[in-house]
**Student:** 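This is the structure I have questions about; it appears just below.
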Amino acid sequence: MATATTAAGRAPRADKVAVVDEVRQRFAEADAVLFTEYRGLDVAEMADLRGRLIDADCRYKIYKNTLVRRALSADAPAGTLDLLLGPTALAFCGKDPSAAAQALRTFAAEHDALVIKGGVLAGTLLSDAQVRELADLPSRDELMAQMLGAFAAPLTALASMMNNLIGEVSGLLQALADKTPDSPAPAGETAAQTDRLDASAAAADSTPEAENAEADDPNSDTSDDPTNTENNQ
């Protein structure tokens, strides 16, 4: 395979080829790439900015513009090369471009030397104003919290409904208990009352039988008694 050569006809140095490959890979892996101009920032300020961007899952790198142009593929959004003017540093963002944009916007407000030039997000070219608008979007952590809140809302409603249902059932049970007749007498009193009722019933039943038996006995009729003086006369 033929080796690419520079405009002067010389083969590119291996270190430059490695840088171009690195930039190309970083562009491919990043969810967004934000372009800034860092002219005027000292070493301490650059270290501070890098630290803030690392916290936002973002890597802040400085490459020669010529090497970045080589790394950009032909399908890069139109106008991307125009961002490569002057001292340019690239912020390669991970899964939370909004957090990186927030970090850059905050730092730029504190340090006039940092200039947000624009960026590329999902194959779309962003202006500097759009990068600042990106900073206003919820961060990944905030979106996750909102999603968890949305998932938890039905569970909270279900728990509230169950508590209300339990309260209603308890109220119904208490109402039924209030309407229930007095509790029956103890077993001993019930048995005594039963015995008294049985004795009364037995006495009532024995009286008619005795009278009927006396009426049916022929010997009980006084008209046939020979000792009955009144009848014998």
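Just so it is clear, the model here is predicted, and its values are computed rather than measured. Sequential numbering from 1 along the given sequence is applied to the chain's residues.
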**Student:** Once the angle between the rings of Phe27 and Phe35 is folded into 0 to 90°, is it parallel (under 30°), tilted (30 to 60°) or perpendicular (over 60°)?
**Tutor:**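 Aromatic pair Phe27/Phe35 classed tilted.
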**Student:** Out of Arg26, Arg24, Gln25, which one pairs with Glu22 under the side-chain hydrogen bond (donor to acceptor under 3.5 Å, both in side chains) rule?
**Tutor:**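 Among Arg26, Arg24, Gln25, the one meeting side-chain hydrogen bond (donor to acceptor under 3.5 Å, both in side chains) with Glu22 is Arg26.
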**Student:** Identify the heavy atoms of Arg50 and Ile62 that sit nearest to each other, and give their distance.
**Tutor:**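 Closest approach of Arg50 to Ile62, heavy atoms only: NH2-CD1, 4.0 Å.
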**Student:** Any donor and acceptor pair, going by atom type alone, linking the side chain of Arg69 with main-chain N or O of Leu84 inside 3.5 Å?
**Tutor:**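 Side chain of Arg69 to backbone of Leu84: a pair is present.
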**Student:** Is Leu67 close to Lys64 at the side-chain level, that is, under 4.5 Å between some pair of heavy atoms?
**Tutor:**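 A side-chain contact under 4.5 Å exists here.
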**Student:** Quick one: are Val33 and Cys93 in side-chain contact, heavy atoms under 4.5 Å?
**Tutor:**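 The answer is no; the side chains never approach within 4.5 Å.
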**Student:** In sequence, state the C-alpha distance, the side-chain angles, and the governing distance for Val68 and Leu90, and then conclude on side chain to side chain contact (heavy atoms under 4.5 Å, CB included).
**Tutor:** CA-CA 10 Å; Val68 176; Leu90 305 177; 4.1 Å; yes
**Student:** Under 3.5 Å, side chain of Thr106 to main-chain N/O of Gln102, donor-acceptor pair present?
**Tutor:**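 Pair found, side chain donor or acceptor close to backbone of Gln102.
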**Student:** With rounding to the nearest 0.5 Å, note down the distance linking CG in Leu53 to CZ in Phe107.
**Tutor:**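 Here the interatomic distance stands at 9.0 Å.
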**Student:** Any link between Leu81 and Leu85 through a network of hydrophobic side chains (Ile, Leu, Val, Met, Phe, Trp, Tyr) touching at under 4.5 Å?
**Tutor:**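 No.
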**Student:** Heavy-atom distance under 4.5 Å between the side chains of Tyr60 and Tyr38, does that happen here?
**Tutor:**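 Counting from C-beta outward, Tyr60 and Tyr38 do come under 4.5 Å.
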**Student:** Between Met46 and Asp42, does the side chain to side chain contact (heavy atoms under 4.5 Å, CB included) criterion hold? Intermediate values first, please.
**Tutor:** CA-CA 6 Å; Met46 287 292 290; Asp42 59 29; over 6 Å; no
**Student:** Got a second to check how far Arg132's CZ is from Ser127's OG, nearest 0.5 Å?
**Tutor:**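 Arg132 CZ to Ser127 OG: 10.0 Å, rounded to 0.5 Å.
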**Student:** List the steps, then state whether side chain to side chain contact (heavy atoms under 4.5 Å, CB included) holds for Leu114 with Leu104.
**Tutor:** CA-CA 8 Å; Leu114 180 69; Leu104 286 176; 4.2 Å; yes
**Student:** Donor-acceptor pair, distance only, cut-off 3.5 Å: does the side chain of Asp31 make one with the backbone of Asp96?
**Tutor:**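 No, Asp31 side chain to Asp96 backbone: no donor-acceptor pair under 3.5 Å.
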**Student:** Hydrophobic clustering (ILVMFWY, side-chain heavy atoms < 4.5 Å, transitive) - are Leu41 and Ile116 grouped together?
**Tutor:**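 Hydrophobic grouping puts Ile116 with Leu41.
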**Student:** With a 4.0 Å cut-off on N to O distance, would you call Glu29 and Arg59 a salt bridge?
**Tutor:**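 A salt bridge is absent here (no side-chain N lies under 4.0 Å from a carboxylate O).
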**Student:** Do Asp136 and Arg105 come within less than 4.5 Å of each other through their side chains, counting heavy atoms only?
**Tutor:**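 Touching, per the 4.5 Å side-chain cut-off.
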**Student:** Is a side-chain donor or acceptor of Lys117 paired with a backbone partner of Thr36 at a separation under 3.5 angstrom?
**Tutor:**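 No; judged by distance alone, with no hydrogens or angles, the pair does not exist.
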**Student:** Same cluster or not: are Leu72 and Val23 linked, directly or through other Ile, Leu, Val, Met, Phe, Trp or Tyr residues, by side-chain heavy atoms under 4.5 angstrom apart?
**Tutor:**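 Looking at the clustering, Val23 is in the same group as Leu72.
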